[in-house]
A.B. asks: 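Below you will find the structure I want to go over with you.
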Amino acid sequence: QTCALPICQVALKGDDYDFLSHDSYANCAQPVRAKLEAFMSEEMKYCGLLSEGDLTQVQDRIIASGMLTVAEINTFFGKK
């Protein structure tokens, strides 16, 4: 199953984030399924945090993508 690319992207304005040098997109088409510990490892490098509004859009697009099961949605985002 795939998600139509434009539907699965959230526009991020370069002016809103220090870690972006230009406008970009968050790709929500392929959610990463991993335990929290994987995201806390030395191999992960974080560039910054998304605003609450952009983060909500990312969450909504991931859910709308159809790439997660209802159980995964409940695990990652709580009951929806």
A.B. asks: The criterion is ring pair (Phe, Tyr, Trp, His ring centres under 6.0 Å); which residues satisfy it with Phe19, sequence neighbours excluded?
C.D. replies: Tyr17

A.B. asks: In this structure, would Tyr25 and Leu55 fall into the same cluster of hydrophobic residues linked by side-chain contacts under 4.5 Å?
C.D. replies: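 Not linked; separate clusters.
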
A.B. asks: With Thr56, which residues qualify under side-chain contact (heavy atoms from CB on, under 4.5 Å), at least two apart?
C.D. replies: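 Scan of Thr56 (side-chain contact (heavy atoms from CB on, under 4.5 Å), adjacent residues dropped) gives Glu52, Asp60.
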
A.B. asks: List in chain and number order the residues that pass side-chain contact (heavy atoms from CB on, under 4.5 Å) with Ser21, two or more places apart in sequence or in another chain; answer none if no residue qualifies.
C.D. replies: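 With neighbours one apart ignored, the set is empty.
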
A.B. asks: Counting heavy atoms not belonging to Phe76, are there more than 12 under 6.0 Å from its CZ?
C.D. replies: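 Enclosed: over 12 neighbouring heavy atoms sit under 6.0 Å from CZ of Phe76.
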
A.B. asks: Do Ile62 and Phe77 touch side chain to side chain, with heavy atoms closer than 4.5 Å?
C.D. replies: yes

A.B. asks: Testing Val10, Ile63, Asn27, Leu12 for side chain to side chain contact (heavy atoms under 4.5 Å, CB included) with Val58, which one passes?
C.D. replies: Val10

A.B. asks: By the salt bridge (charged side-chain N to carboxylate O under 4.0 Å, His left out) test, which pairs, at least two apart or in different chains, include something from residues 13-25?
C.D. replies: Lys13-Asp23

A.B. asks: Quick one: does Ser65's side chain get under 4.5 Å of Cys8's, heavy atoms only?
C.D. replies: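 A side-chain contact exists here, since the closest heavy-atom pair is under 4.5 Å.
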
A.B. asks: Write down the atom of Ala29, the atom of Met67, and the distance for their closest heavy-atom approach.
C.D. replies: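 Minimum heavy-atom separation between Ala29 and Met67: O-CG, 3.4 Å.
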
